[in-house]
Amino acid sequence: MSSAIIRTDQLTRAFGGIKAVDGLDLEVPAGVVFGFLGPNGAGKTTTIRLLLGLLEPSGGRARVLGHDTRTEAGAIRERAGALLEHHGLYERLSAEDNLAFYARIWGLGAAERRNRVRELLESLGLWERRREAVGKWSRGMRQRLAVARALLHRPALLFLDEPTAGLDPVAASHLREQLAALVAREGVTVFLTTHNLAEADRLCHRVGVIKQGRLVAVGHPDELKARSATRLEIRGRAFTDALVAALSRQPGVERAALMNGRMVIDMAEAADSSPLVAMIVGSGVAVDEVRRDKSSLEDVFLTLMEEDR
């Protein structure tokens, strides 16, 4: 695996008596999209601010792009792009003028500036509307332009804090597709926070799950899903509470429950479902459909959030 572009060692940040980030040990390899997942208040945005050197840690340390966040924050921000809570766009300016303004700040020469602005606007499907004031644009279009702003100076690392939040499903899907294409083409490492777990499953090479400031799981989405149960769903008629109780006691069954008229059974990965189906049929249930699925990333996330509650 590539060398770590982000490495933290017991990174901690407290606000008063509350630890927003608590002893975080994390490595993010270069060239991946890393998803940082957690509920509101888990410490995701605080972590990004620590990694950018915008906040001083209360304890521990972090190195980003080879630089210490305490003493070399300026060097980190020169080589990183960020799209945090605010898009950072001037709504009375056109899309082209917004990017040209930021390109000047980054010190791009005139020819490079023109080429880079056009390249990004075309990649994000915004070139034909480049002369429009962005205040008249939809939220989705402004968010795409904000991604372009963050990528202007060809950063090695891009921080995206919930980039599709508040977008309708079509706009969110469009942004995800274009973001994936841009990341592949630019070769940038992405540190992404999102509440959309299906989005994380599709985009991310690795994910970390944070809960109350502590990292509780990390790995490829498929690795995390493999740790969780396999789900068996049976549609039919005449399910009983006694059958649910009996199924719950069978070897390999982690949970059995009735949900919306369906029998849902969570099983250990290697468990055989055949005896369970036979047991259900033998109890007199008229079975219409049997479906076996692996747990989704959302299932894994919810399980992690419930543990130790």
Side-chain angles (χ1 to χ4, degrees), residues 33-34 36 44-45 48-49 51-55 64-65 73-196 199 203:
V33 179
F34 182 86
F36 201 47
K44 302 186 300 297
T45 301
I48 287 180
R49 292 185 172 278
L51 295 176
L52 283 168
L54 298 173
L55 283 176
V64 178
L65 296 162
I76 293 169
R77 292 195 289 270
E78 284 179 7
R79 296 181 57 203
L83 174 53
L84 306 183
E85 306 99 302
H86 306 293
H87 53 57
L89 302 173
Y90 294 93
E91 297 196 347
R92 293 185 180 182
L93 294 181
S94 69
E96 192 172 38
D97 287 344
N98 262 283
L99 294 190
F101 170 75
Y102 280 106
R104 288 189 186 95
I105 291 175
W106 285 113
L108 275 65
E112 184 184 6
R113 185 166 64 241
R114 286 193 300 271
N115 292 337
R116 185 60 171 161
V117 168
R118 178 162 189 159
E119 177 185 29
L120 288 169
L121 289 176
E122 286 182 340
S123 297
L124 289 162
L126 299 172
W127 177 250
E128 298 302 322
R129 303 184 65 173
R130 65 192 180 277
R131 294 194 174 95
E132 297 176 8
V134 302
K136 299 178 181 178
W137 280 8
S138 68
R139 183 183 175 93
M141 290 176 64
R142 288 198 299 270
Q143 199 70 343
R144 281 188 271 156
L145 185 63
V147 170
R149 174 191 61 74
L151 285 167
L152 265 173
H153 58 302
R154 303 184 189 278
L157 174 62
L158 178 63
F159 290 96
L160 297 175
D161 194 5
E162 300 185 31
T164 60
L167 302 186
D168 65 68
V170 174
S173 176
H174 198 186
L175 179 56
R176 277 194 300 271
E177 291 173 3
Q178 291 174 323
L179 181 59
L182 270 174
V183 166
R185 192 188 73 205
E186 302 262 333
V188 62
T189 301
V190 177
F191 190 96
L192 167 75
T193 75
T194 180
H195 286 298
N196 188 324
E199 175 176 278
L203 277 178

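None of the values given here were measured: they were computed from a predicted structure.
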A.B. asks: Could you report the tightest heavy-atom contact between Ala95 and Arg129, atom names first, then the distance?
C.D. replies: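 Taking every non-hydrogen atom into account, CB-O, 4.5 Å.
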A.B. asks: Taking ring pair (Phe, Tyr, Trp, His ring centres under 6.0 Å) as the test, write out the residues that go with Phe191, two or more places apart.
C.D. replies: Phe34, Phe36, Phe159
A.B. asks: Find out whether Leu84 and Thr45 are in side-chain contact, i.e. whether some heavy atom of one side chain is under 4.5 Å from a heavy atom of the other.
C.D. replies: no
A.B. asks: Nearest heavy-atom pair of Val117 and Ala100: which atoms, and what distance?
C.D. replies: CG2-N, 4.0 Å
A.B. asks: State which residues pass salt bridge (charged side-chain N to carboxylate O under 4.0 Å, His left out) with Arg113; sequence neighbours excluded, sorted by chain then number.
C.D. replies: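 Result, salt bridge (charged side-chain N to carboxylate O under 4.0 Å, His left out) vs Arg113: none returned.
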A.B. asks: In Å and rounded to the nearest 0.5 Å, what is the CG to CG distance from Asn98 to Leu152?
C.D. replies: 10.0 Å
A.B. asks: Please list, chain by chain and in numerical order, all residues satisfying salt bridge (charged side-chain N to carboxylate O under 4.0 Å, His left out) with Glu122, sequence neighbours excluded.
C.D. replies: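 Glu122 satisfies salt bridge (charged side-chain N to carboxylate O under 4.0 Å, His left out) with Arg118 only.
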A.B. asks: Determine whether Val190 and Leu160 make a side-chain contact, defined as any pair of heavy atoms from C-beta on separated by less than 4.5 Å.
C.D. replies: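 Contact flag for Val190/Leu160 side chains = yes.
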A.B. asks: Counting only pairs under 3.5 Å, give me each side-chain donor-acceptor contact of residues 140-147, with atom names and distances, residues two or more places apart or in other chains.
C.D. replies:
unit_1, atom_1, unit_2, atom_2, d
Arg142, NH1, Trp137, O, 2.5
Gln143, NE2, Pro163, O, 2.8
Arg144, NH1, Leu124, O, 2.7

A.B. asks: Given 3.5 Å as the limit, does a donor-acceptor pair link the side chain of Thr189 with the main chain of Leu157, or not?
C.D. replies: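 Side chain of Thr189 to backbone of Leu157, a donor-acceptor pair under 3.5 Å: no, none is there.
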A.B. asks: What residues, two or more places apart in sequence or in another chain, satisfy side chain to side chain contact (heavy atoms under 4.5 Å, CB included) together with Arg149?
C.D. replies: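 Checked Arg149 against side chain to side chain contact (heavy atoms under 4.5 Å, CB included); matches are Leu83, Leu89, Leu99, Tyr102.
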A.B. asks: Any side-chain heavy atom of Arg139 within less than 4.5 Å of one from His87?
C.D. replies: no
A.B. asks: What residues, two or more places apart in sequence or in another chain, satisfy side-chain hydrogen bond (donor to acceptor under 3.5 Å, both in side chains) together with Arg114?
C.D. replies: none
A.B. asks: For residues 164-172, tabulate all N or O donor-acceptor pairs below 3.5 Å that involve a side-chain atom, not counting sequence neighbours.
C.D. replies:
unit_1, atom_1, unit_2, atom_2, d
Thr164, OG1, Glu199, OE1, 2.8
Thr164, OG1, Glu199, OE2, 3.3
Asp168, OD1, Val170, N, 2.9
Asp168, OD1, Ala171, N, 2.8

A.B. asks: Could you list the residues that satisfy salt bridge (charged side-chain N to carboxylate O under 4.0 Å, His left out) with Arg185, not counting sequence neighbours?
C.D. replies: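 Here the qualifying residues are Glu119.
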A.B. asks: Got Leu120 and Arg116 here, is their nearest side-chain heavy-atom distance under 4.5 Å?
C.D. replies: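 Yes, side chains in contact.
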A.B. asks: Report the residues that fulfil side chain to side chain contact (heavy atoms under 4.5 Å, CB included) with Ala156, sequence neighbours left out, ordered by chain and then residue number.
C.D. replies: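 Side chain to side chain contact (heavy atoms under 4.5 Å, CB included) check on Ala156 returns Leu65, Arg79.
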A.B. asks: Quick one: list whatever passes side chain to side chain contact (heavy atoms under 4.5 Å, CB included) with Asn115, sequence neighbours left out.
C.D. replies: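 For Asn115, no residue satisfies side chain to side chain contact (heavy atoms under 4.5 Å, CB included) once neighbours in sequence are set aside.
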A.B. asks: Got a donor-acceptor contact below 3.5 angstrom from the Asp161 side chain to the Thr193 backbone?
C.D. replies: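 Here the side-chain-to-backbone pair does not exist.
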A.B. asks: Could you list the residues that satisfy salt bridge (charged side-chain N to carboxylate O under 4.0 Å, His left out) with Glu177, not counting sequence neighbours?
C.D. replies: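 Partners of Glu177 under the salt bridge (charged side-chain N to carboxylate O under 4.0 Å, His left out) test: none.
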A.B. asks: Taking all non-hydrogen atoms of both residues, which atom of Ala82 and which atom of Leu52 are closest, and how far apart?
C.D. replies: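 The answer is CB-CD1, 4.1 Å.
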A.B. asks: Who passes ring pair (Phe, Tyr, Trp, His ring centres under 6.0 Å) against His153, sequence neighbours left out?
C.D. replies: Trp106
A.B. asks: For Leu192 and Leu203, work out which heavy atoms get closest and say how close.
C.D. replies: CD2-CD1, 4.2 Å
A.B. asks: Check Ala80 against Pro155 and note the closest heavy-atom contact, atom names and distance.
C.D. replies: C-CB, 3.7 Å
